[in-house]
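Notes follow once the structure below has been shown.
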Amino acid sequence: MASKKLRPKINGDQAPKEHHNTTVETSATSDGFSPQADLNARELFINRELSLLSFQRRVLEEAEDPANPLLERVKFLAIVGSNIDEFFMVRVSGLLEQTDAGILDVGPDGMSPGAQLVTIRREVKKLSADAQRCLTDQLLPELREAGIQILEYSDLRPEQRAFADGYFTEVIFPVLTPLAFDPGRPFPHISNLSVNLAVLIRDSKGVEHFARVKVPDSLPQFIPLRPPKKKSIKRYRGPEKQEFVWIEQVIAANLSALFRDMEIVAAHAFKVTRDADLEIKELETADLLETIEEGVRQRRFGDVVRLQVGEDMPAPILEILMNNLEIDSSQVYRGKGPLSFNRLMGLAALDRPDLKDLPFVPAVPAALIPQSEEDDLFAQIRRQDILLQHPFDSFQPIVDFIMKAAQERDVLAIKTVLYRVGRNSPVVEALMQALENEKQVAVLVELKARFDEESNIDWARALEKAGVHVVYGLVGLKTHCKITMLVRKEGDAIRRYLHLATGNYNIFTARQYTDIGIFTCDEELAADVTDLFNYLTGYSAKKDYRKLLVSPVNLRRVFESLIKREIEHQISGGSGQLIFKMNALVDPEIIRLLYQASQAGVKVELIVRGICCLRPGLPGISENIHVISIVGRFLEHSRIYYFHNGGDEEIYLGSADLMPRNLDRRVEVLFPVNGRELIEQVKNEILDTYLADTVKARQMRSDGSFIRKTARRGKAVNSQETFIQNRKSIKR
């Protein structure tokens with residue numbers, strides 16, 4: 001089939017000549033690289049897209065791990081599906097755009113866009129097959145043993161089939177809209193990430209027709225095969241047996257209700273993934289909010305980047321889909337089982353606490369426990385900087401911080417940055433209450449927070465309607481920092497109180513992500529944050545800060561100088577040490593500096609959740625660099641940067657990963673941890689615990705693969721579980 005798109009032809013899974021695998025291939029001698037080795041060599045860098053897929057593999061391992069509670073494993077498999085969807089919507093769509101435009105530029109790893117697409121296809125097919133095996137061979141049998149069974153419609157007993165068909169008639173049928181395709185009716189729009197049925201029907205004259213039926217995502221994707229029982233006061237005898245069938249199978253079995261007096265020849269499920277990466281020409285727009293709002297609406301019409309179908313879909317039906325979706329065979333993915341693993345979240349949400357992680361109550365640090373009636377939050381912050389590690393420490397003090405500011409007479413102004421706040425945000429409600437109480441309120445709402453644009457647009461409109469000063473950030477830059485400042489009158493003086501964090505002001509992700517925040521009223525930091533807000537809301541051209549590292553102003557320059565300082569310490573005294581924890585390590589310049597640090601003998605420990613383009617353990621290059629990745633119950637999200645500094649240790653926390661976009665194209669903030677006590681807390685209680693993890697940590701090898709760490713001596717360490725247990729025993 002000839003695609004309507006002009007895309008370089010890639011035959012099957014055969015990589016073009018410029019492709020190279022992720023294994024290091026160099027001309028180094030048996031003694032390794034010399035200090036004069038070319039640190040620009042492509043063999044020293046791992047492709048970022050393949051590294052991201054490697055992270056999805058680690059998430060899949062959590063679904064496969066029998067040590068995890070069963071429904072938590074189901075959730076991990078659903079996350080794999082959701083992550084791969086986003087990978088295609090954003091990363092693969094960008095590579096396809098490059099090939100369409102004839103762009104042949106290569107990254108530091110030497111792979112062209114075409115070579116990346118071929119390798120991605122191969123890796124995604126392997127990952128999807130392994131995910132399906134995990135579901136079929138492990139999770140479904142174990143769910144069955146636990147009393148949760150997913151049945152095929154063809155295997156239903158008569159009474160089950162009758163119930164499913166009744167559910168179709170009463171609940172599903174009214175929602176469905178069959179759309180025909182013929183000369184008088186154009187091929188229907190297939191919305192992004194929707195599961196659909198391609199239906200072939202035959203009329204009374206023997207003529208075959210094509211139609212599409214969308215599987216409604218507004219309904220449960222798993223149809224229960226009996227009504228829920230009413231609660232009884234009888235003695236509990238364990239969880240009830242639950243049986244389900246996939247919704248598309250029920251629809252397929254009842255298509256005759258949609259196509260009366262027609263013969264149903266075949267029905268096959270398919271799923272479409274579209275380009276969802278917004279391109280906003282900010283310099284050409286008069287109203288950024290309206291432009292992004294329109295971009296969100298247009299996202300559903302983005303180019304198709306992937307078509308998923310079952311292994312048994314006939315060639316004629318597939319050809320209809322490919323022709324009308326304007327794709328070629330390299331974008332078609334055949335597979336067994338469900339086309340959308342992320343729908344398994346419906347199972348993970350079942351009320352079976354015996355199959356889930358044990359709940360825990362987040363702690364409140366001792367520094368935030370009042371010592372008297374007058375000992376309020378502001379007095380506590382004046383006494384000392386206070387660190388909170390979420391979700392192990394409660395997020396409620398941050399909400400209380402803003403709510404108290406909204407209500408207290410002496411607070412004059414509140415300024416904050418909102419990136420991902422989610423729905424029903426108490427933080428936003430408090431900001432609007434503050435305005436009602438005649439406070440000055442200024443809020444930067446980042447409209448370009450990917451896949452949270454609609455929520456942020458709604459909040460921006462609500463805040464503007466309430467009279468809040470709302471700005472949308474700087475042209476050409478995404479504002480990603482997490483900062484809040486309160487201005488308070490205390491006697492004849494003014495004091496500024498700050499909350500600086502690695503994570504968003506979102507009460508929901510605060511329970512699911514690991515992040516760190518600090519309350520402080522440090523004068524120099526407060527002056528820096530004041531200057532930063534002037535930079536964000538006005539026309540300040542400030543080029544440096546007292547304590548903050550701000551991109552794209554001074555963060556890269558100062559951060560690189562801190563690494564170089566560690567190299568100098570190593571050369572002069574042999575005490576260089578760096579410990580960096582982040583979500584992603586991509587930036588080539590930072591990677592080269594870390595290679596130089598390793599060559600000088602600096603001990604470099606990296607805790608990288610996702611993408612890592614650096615190769616550890618290369619003789620003569622990176623033998624002093626060790627990389628681990630931790631994937632566990634909570635999504636690792638905090639960024640921590642430790643510099644030994646000859647014994648005068650420094651730690652920075654913040655929003656920035658070590659990627660070009662964070663260092664050069666976003667407004668990011670790294671802030672220092674003040675005081676020996678908090679520095680020791682972050683180093684000894686947090687970083688050292690992560691480095692000691694032998695349960696959820698994987699060690700990265702120089703070829704980009706990961707192996708699980710194992711406990712050599714003593715008991716196994718699960719860092720996240722350790723943080724939970726410490727809250728039960730440590731009084732700060």
Side-chain angles (χ1 to χ4, degrees), residues 1 150-191 193-225 243-272 304 307-327 329 331-340 343:
M1 181 207 97
I150 312 302
L151 299 171
E152 297 293 319
Y153 184 88
S154 59
D155 295 333
L156 299 186
R157 299 189 302 273
E159 68 273 16
Q160 292 174 323
R161 187 169 297 192
F163 184 85
D165 293 345
Y167 186 92
F168 173 86
T169 301
E170 295 178 12
V171 179
I172 302 175
F173 179 77
V175 181
L176 300 178
T177 303
L179 295 175
F181 172 50
D182 56 34
R185 288 169 287 196
F187 190 82
H189 173 73
I190 311 297
S191 53
L193 301 182
S194 63
V195 176
N196 306 266
L197 291 178
V199 184
L200 198 61
I201 56 179
R202 185 180 294 124
D203 63 22
S204 58
K205 298 179 181 180
V207 179
E208 292 186 347
H209 304 272
F210 177 89
R212 169 260 192 165
V213 178
K214 180 180 178 180
V215 176
D217 55 11
S218 56
L219 295 177
Q221 300 300 288
F222 295 96
I223 306 304
L225 293 174
E243 295 175 314
F244 302 91
V245 63
W246 285 97
I247 185 174
E248 63 265 30
Q249 294 187 17
V250 176
I251 296 172
N254 288 273
L255 286 172
S256 58
L258 293 169
F259 303 99
R260 295 290 184 181
D261 300 323
M262 306 285 279
E263 178 189 354
I264 308 300
V265 178
H268 296 272
F270 69 95
K271 176 184 171 182
V272 160
V304 174
L307 172 64
Q308 293 171 266
V309 301
E311 286 187 337
D312 58 347
M313 177 175 280
I317 295 180
L318 180 59
E319 187 173 358
I320 291 173
L321 294 175
M322 291 173 61
N323 274 315
N324 287 278
L325 296 174
E326 301 182 12
I327 60 172
S329 59
Q331 295 166 271
V332 177
Y333 288 77
R334 288 184 179 269
K336 296 180 181 179
L339 301 177
S340 187
R343 295 190 295 162

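- Leu225 has its side chain out of reach of Tyr167: every pair of non-hydrogen atoms, C-beta onward, lies at least 4.5 Å apart.
- Nearest heavy atoms, Leu339 versus Gly310: CD2-N, 4.2 Å.
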(message) Set out, in order, the CA-CA distance, both residues' side-chain angles and the distance that settles side-chain contact (heavy atoms from CB on, under 4.5 Å) for Val245 and Phe163, then state yes or no.
(response) CA-CA 11 Å; Val245 63; Phe163 184 85; over 6 Å; no

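- The structure places NZ of Lys214 at 12.5 Å from CG of Leu197, a figure rounded to the nearest 0.5 Å.
- A donor-acceptor contact under 3.5 angstrom links the side chains of Lys271 and Ser340, judged on distance only.
- Here Ile201 contributes atom CD1 and Leu258 contributes atom CG; the two are 10.0 Å apart, rounded to the nearest 0.5 Å.
- For the residue pair Ala164 and Val250, the shortest heavy atom distance occurs at O-CG1, 3.7 Å.
- When all heavy atoms of Ile247 and Pro220 are compared, the closest pair comes out as CD1-O, 3.6 Å.
- Between the side chain of Gln331 and the backbone N or O of Val304 there is at least one donor-acceptor pair closer than 3.5 Å.
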(request) Take Phe270 and Val332 through the side-chain contact (heavy atoms from CB on, under 4.5 Å) test and state the conclusion after the steps. (result) CA-CA 10 Å; Phe270 69 95; Val332 177; over 6 Å; no

(message) Pair Leu179, Phe187 - check side-chain contact (heavy atoms from CB on, under 4.5 Å), show working.
(response) CA-CA 8 Å; Leu179 295 175; Phe187 190 82; over 6 Å; no

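- By the 4.5 Å heavy-atom criterion applied to side chains, Leu176 and Pro216 are counted as neighbours.
- The aromatic rings of Phe210 and Phe181 lie perpendicular to each other, with more than 60° between the two planes, well past the 30° mark.
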(request) List the steps, then state whether side-chain contact (heavy atoms from CB on, under 4.5 Å) holds for Val195 with Gln221. (result) CA-CA 10 Å; Val195 176; Gln221 300 300 288; 5.5 Å; no

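- Counting only heavy atoms from C-beta outward, the side chains of Leu307 and Leu318 approach each other to under 4.5 Å.
- In terms of heavy-atom proximity, Asp203 sits nearest to Lys205 at OD1-N, 2.9 Å.
- Considering every non-hydrogen atom in both Gln249 and Tyr153, the closest pair reads OE1-N, 2.8 Å.
- Between Ala198 and Ile317 the shortest heavy-atom distance is CB-CG2, 3.7 Å.
- Within the model, atoms CG of Asn196 and NE2 of His268 stand 14.0 Å from one another, a figure rounded to the nearest 0.5 Å.
- With rounding to the nearest 0.5 Å, the separation of CG in Leu200 from CZ in Phe259 is 10.5 Å.
- Residue Asp312 places its CG atom among more than 12 non-hydrogen atoms of other residues, nucleotides or ligands, all under 6.0 Å distant.
- The residues Arg202 and Glu208 are annotated as salt-bridged, a charged nitrogen and a carboxylate oxygen being separated by less than 4.0 angstrom.
- In this structure, CD in Glu319 is found 10.0 Å from CG in Asn324, a value given to the nearest 0.5 Å.
- Atoms CG and CD1, on Leu325 and Ile320 in that order, are 11.0 Å from each other to the nearest 0.5 Å.
- At a cut-off of 3.5 Å, with distance as the only test, no side-chain donor of Asp182 or His209 sits close to an acceptor on the other residue.
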